[in-house]
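Read the structure below first, then the notes.
Values below: all heavy atoms of this structure, side chains included; hydrogens, waters and symmetry mates excluded. Order of appearance sets the numbers: ligands from 1, and atoms from 1 within every ligand.
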Amino acid sequence: MANKMNPELIKQAVTMLLEGIGEDPNREGLVETPDRIARMYEEICGGAYQDAAEVLEKRFKVDSNEIVLEKDINFYSMCEHHMLPFFGKVHIAYIPDGEVVGLSKLARTVEVYARRLQLQEQMTAQIADALMDNLQPKGVMVMCEAEHTCMTMRGVKKPGSKTVNIVTRGAFTEDEKLQNLFLNMLK
Ligand code: ZN
């Protein structure tokens with residue numbers, strides 16, 4: 001997990017950033033901005049101080065090990081290359097091995113990994129690995145589709161373009177039928 005968050009340091013840094021871009025940090029609209037941003041980061045980067053193992057601690061026994069899919073889990077994260085938001089949807093499927101977690105816990109696991117400076121591919125893999133490590137299912141498949149504001153509001157400026165990636169673990173990795181089942185369930 002990350003080191004401790006330091007709101008005072010964030011405030012100083014934002015003040016310097018404002019000066020750096022030629023603003024007057026003391027003008028009316030900006031006076032509270034460093035403080036506001038420091039508080040904001042506690043929320044949007046707070047996932048770095050949370051443990052997915054705790055989120056996934058409570059599990060329930062099941063008799064049938066049918067595929068479970070939770071789709072359209074909305075998330076907001078921050079690209080670590082530009083510190084700009086990327087956001088979209090995560091779809092998670094897993095095949096239990098005798099145990100499941102509450103569905104809300106899948107969304108909370110996404111939050112843990114989204115609320116930090118992140119890379120989309122890394123976030124998707126971390127979600128899949130957290131489920132494999134804590135729930136020990138037969139397999140996991142996670143798809144993430146996201147719009148990166150570092151691509152759409154700057155740089156190549158392609159609004160609406162999405163980056164899609166898929167991570168498979170366990171039974172999903174080799175089994176094309178299972179992968180297709182997941183993709184069909186998303187339609
Ligand atoms: Zn970026």
I'd like the atom name of the N/O/S atom in His82 lying closest to the Zn ion (ligand 1). ND1
Aromatic contact between Phe86 and Phe75, with the criterion being ring centroids under 6.0 Å apart: yes or no? yes
Presence of N, O or S from Cys79 under 2.8 Å of the Zn ion (ligand 1): yes
Quick one: do the Gln136 and Asp97 side chains pair a donor with an acceptor below 3.5 Å? no
Under the criterion side chain to side chain contact (heavy atoms under 4.5 Å, CB included), which of Leu131, Asp129, Asp133 is the partner of Arg169? Asp129
State whether a side-chain donor-acceptor pair under 3.5 Å links Gln50 with Glu111. no
2.8 Å cut-off met by an N, O or S atom of His148 to the Zn ion (ligand 1): no
